Amino acid sequence: MGGSQEGAIQNDRTRLGDRGLVRFDVLGREVDRALICALARRLAEEGSEASRLRAAVTRSIGGEPPRTGGILAALRRPPLMGADLDVRRPGG
C-alpha cells in the first residue's frame, strides 16, 4: 500500500475513533448481509433505542453475562457434592 493510502486509512480510523467507533470485518451468509449492516448501523447510534436493541440481542444470543469465579467455585466444592451415593456396607 502506498503512503498516501495508509495515511487516508489512518485518518479514517482516527475520525471513527473520535466518534467511539471501530471498523471490523465479520463473516456471514449473503442472505444476512442487509440484516447485519442494519443492526450495526442501529447499534452505532447513541440513544435509548440502540441500548434496548443491544440488550435484546445480548439476551437472545448469550443469555446472562458470564459470572466471574465460576471455575474457582467449582474447584472449591467437594467432589461428591450432590452425588446422592449410598455408602452403606452390605450386611451392616
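Quantities reported herein were computed from a predicted structural model and do not represent experimental measurements.
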Practice task
Step through the shown structure and confirm whether more than 12 heavy atoms of other residues, nucleotides or ligands are within 6.0 Å of CD on Glu46.
Solution key: no
Practice task
With sequence neighbours excluded, tell me which residues meet side chain to side chain donor-acceptor pair (under 3.5 Å) with Arg54.
Solution key: none
Exercise for the section: Mind checking the CG-CD spacing from Leu53 to Glu45? Nearest 0.5 Å is all I need. Expected result: 9.5 Å
Fill in the blank from the handout: Here the gap from Glu6 atom CD to Ile9 atom CD1, rounded to the nearest 0.5 Å, amounts to 7.0 Å
Show the atom names and distances, to 0.1 Å, of all donor-acceptor pairs under 3.5 Å that link a side chain in residues 21-41 to residues at least two apart or in another chain.
from  : atom 1 : to    : atom 2 : distance (Å)
Glu30 : OE1    : Arg33 : NH2    : 3.2
Glu30 : OE2    : Arg33 : NE     : 3.2

Fill in the blank from the handout: Rounding to 0.5 Å, atoms CD (Gln10) and CD (Gln5) come to a distance of 13.0 Å
